[in-house]
Number of protein chains: 2
Amino acid sequence: MNTTRSGRPALTRPDGTALRVLVVDDDPDLSEVLTGALRYEGWQVRAAADGAAALAAARELRPDAVVLDVMLPDMDGFTVLRRLHETQPEVCVLFLTARDAVEDRIAGLTAGGDDYVTKPFSLEEVVARLRGLLRRAGMARRPEPEEDPGLVVGDLVMDEDAREVTRAGELIELSPTEFELLRFLMRNPRRVLSKAQILDRVWSYDFGGRAHVVELYISYLRKKIDAGREPMIHTVRGAGYVLKPVTG
Amino acid sequence: MNTTRSGRPALTRPDGTALRVLVVDDDPDLSEVLTGALRYEGWQVRAAADGAAALAAARELRPDAVVLDVMLPDMDGFTVLRRLHETQPEVCVLFLTARDAVEDRIAGLTAGGDDYVTKPFSLEEVVARLRGLLRRAGMARRPEPEEDPGLVVGDLVMDEDAREVTRAGELIELSPTEFELLRFLMRNPRRVLSKAQILDRVWSYDFGGRAHVVELYISYLRKKIDAGREPMIHTVRGAGYVLKPVTG
DNA sequence: GCCCCTTCTCAGAGGTGCCTCAGAGCTGGG
DNA sequence: CCCAGCTCTGAGGCACCTCTGAGAAGGGGC
């Protein structure tokens, strides 16, 4: 079975091979980070730095999805999208855009089921949105062909579409950051995650703050998830945190 | 089963295969948006930029419906329609036209069961009309052969043809925009919809306004639908809005 | 047992998102 | 021509969310 670098089972194409993703951004640092994060998901990733290179790479790679910066040195992201769709109408696109930029134009052109995130974003958000896109487009299937249960760890259940979390059937209200943090934990159960790792994945890449916020948000999550119950979030002193089912 | 990108079951042809739609418009941006939105419905879509290309594509695709701009660079939309009907009399046509244009001529020519929308339109409206056309023409069937319940979420019921909405049997009067917004919510129950998504789908593609109007209309809807009752419309701070039946 | 370092918790400042109200512009009907 | 309904803008205000700082609590090494 195709697996991620982290050992989790990967989201794959219907035929079981790795999903193919093309990353298009002219900032080499950002491109590097994105490429790494997506490879970590077990996907086959390729990068391009401008529109022309993107179209060329797309012809060769025939990607399932494209992560596409709106501002490219040679051409508009929308032009890239249109040209892409001419030859590969099935491809999904996730736009990257500055917050106060041409957000309305983006809005208009993503109506077809594509999506966008505004910079600065967290890697967890990009990955989540990309997974959502691919899942809805029917391009991806879960490794187990049976019913997709969503994210489940013990009696803790997360419905990403409804943005709902329940423990033992009881609804738990979470703030956006709490939700992202829990999603990251639930996608890596029984695995110790360092504060640095959490900071990298859940907080925006330009976040300058210190690891103290992670401790703080872990404590928030504990209050909401572990309050009066057998704890699922455990501290591993000097290493990080781990989420485990109660009888694990 | 054939499903939409959003995960909803798709409206299909009687034999269960995907409905085939041809989009004919010379504005590449608009064509792109329409194509995406219809694909999102789970349909097989193809685009053409002028009348000649449309006729050629129609011969090949043999579409169930055509979305047809009245003003094309090479020939009149009506001419396209006439030629289309020569070879494919069964095809449905949804005209796209400017508001103050030849509206009466359209009206005359759509008496045969075709329909039209005036620019600028919302995608929700185009999709709804196309679905209506196909359903009435007997070219589509609901995925479940049993009774078509229409749009129902909890005790909230929408009759799209009569443009009537009831909650707990009580009739609720809605303005056009309120109706469109509620329809979009009801077609995506238990799913958090961002303000940008809502803006894309419910407002016209050329609407430049801010997402603030969405908040405003949500508040209107709440007053009419949730007033004095268990609320069904919920705000998910930082994410969007979600419509849920009262008991879960 | 003592000390040091890590982690946890609390309280509060500042920012932001969202809701609501009031009103202007527009349109269509009487 | 006036009135009614609809749509959108702008401003005000509240509530929540996020992060900072400081002190308390706890674990491990010596």
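Numbers restart at 1 for each chain; the letters A, B, ... are given by sequence-line order, proteins then strands.
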Handout entry: Side-chain N or O of B:Trp203 closer than 4.0 Å to phosphate OP1/OP2 of D:dC8
Key = yes

Problem - Sequence-distant partners of A:Glu230, salt bridge (Lys or Arg N to Asp or Glu O under 4.0 Å), two or more places apart - result: none

Problem - Distance in angstrom units between B:His234 NE2 and C:dC19 C1', rounded - result: 17 Å

Exercise for the section: Take the protein atom CG of A:Leu174 and the nucleotide atom P of D:dT18, then report the distance between them rounded to whole Å. Expected result: 10 Å

Show the distances under 3.5 angstrom between N or O atoms of the protein and N or O atoms of nucleotides 26-30 of chain D.
from   : atom 1 : to       : atom 2 : distance (Å)
D:dG26 : N2     : A:Arg237 : NH2    : 2.9

Exercise for the section: Would you please name every residue forming a side-chain contact (heavy atoms from CB on, under 4.5 Å) with A:Ala196, sequence neighbours left out? Expected result: A:Ser194

Exercise for the section: Count the heavy atoms of every other residue, nucleotide or ligand shown that sit under 6.0 Å from CZ of A:Arg210, and state whether that count exceeds 12. Expected result: no

Problem - Contacts of B:Arg222 that satisfy side chain to side chain donor-acceptor pair (under 3.5 Å) - sequence neighbours left out - result: B:Thr235

Problem - Partner set under salt bridge (Lys or Arg N to Asp or Glu O under 4.0 Å) for A:Arg183, not counting sequence neighbours - result: A:Glu160, A:Glu180

Handout entry: Value in whole Å for how far the P atom of D:dT18 lies from CG of A:Asp206
Key = 16 Å

Problem - Rounded distance (Å) that lies between atom P of D:dT18 and atom CD1 of A:Ile218 - result: 14 Å

Pairs under 3.5 Å (N/O, protein and nucleotides 9-14 of chain D):
from   : atom 1 : to       : atom 2 : distance (Å)
D:dG10 : O6     : B:His212 : NE2    : 3.2

Practice task
Kindly point out which of C:dT7, C:dC19, D:dT7 is positioned nearest to the side chain of B:Pro176?
Solution key: D:dT7

Completion exercise
Applying salt bridge (Lys or Arg N to Asp or Glu O under 4.0 Å) to B:Asp226 and not counting sequence neighbours gives B:Arg167

Practice task
With sequence neighbours excluded, tell me which residues meet salt bridge (Lys or Arg N to Asp or Glu O under 4.0 Å) with B:Arg229.
Solution key: B:Glu170

Handout entry: Aromatic centroids of B:Phe121 and B:Trp203 separated by under 6.0 Å
Key = no

For residues 27-36 of chain A, which side-chain donor-acceptor pairs fall under 3.5 Å, sequence neighbours excluded?
from    : atom 1 : to      : atom 2 : distance (Å)
A:Asp27 : OD1    : A:Asp29 : N      : 3.0
A:Asp27 : OD1    : A:Leu30 : N      : 3.4
A:Thr35 : OG1    : A:Ser31 : O      : 2.6

Exercise for the section: Could you tell me whether the phosphate oxygens of C:dC19, OP1 or OP2, come under 4.0 Å of any side-chain nitrogen or oxygen in B:Tyr217? Expected result: no

Exercise for the section: Find the distance A:Leu199:CG to D:dC19:C1' and express it as a whole number of Å. Expected result: 12 Å

Handout entry: Nucleotide nearest A:Ser219 when distance is taken to its side chain, options C:dT9, D:dC17, D:dC19
Key = C:dT9

Exercise for the section: Using whole Å, report how far OH of A:Tyr241 lies from C1' of C:dT6. Expected result: 9 Å

Fill in the blank from the handout: A:Glu215 CD to D:dC19 C1', in whole Å, measures 13 Å

Exercise for the section: Check whether any side-chain nitrogen or oxygen of A:Thr235 sits under 4.0 Å from OP1 or OP2 of C:dT7, and answer yes or no. Expected result: no

Exercise for the section: Considering just the side-chain nitrogens and oxygens of B:Lys195, establish if one lies under 4.0 Å of OP1 or OP2 belonging to C:dC18. Expected result: yes

Exercise for the section: From the options D:dC8, C:dC19, D:dT18, select the nucleotide whose nearest atom is closest to the side chain of A:Ser175. Expected result: D:dT18

Exercise for the section: Please step through side-chain contact (heavy atoms from CB on, under 4.5 Å) for the pair A:Val192 and A:His234, ending with a clear verdict. Expected result: CA-CA 9 Å; A:Val192 176; A:His234 306 270; over 6 Å; no

Practice task
Starting from C1' on D:dC17, measure out to CD on A:Glu180 and report it in whole angstrom.
Solution key: 14 Å

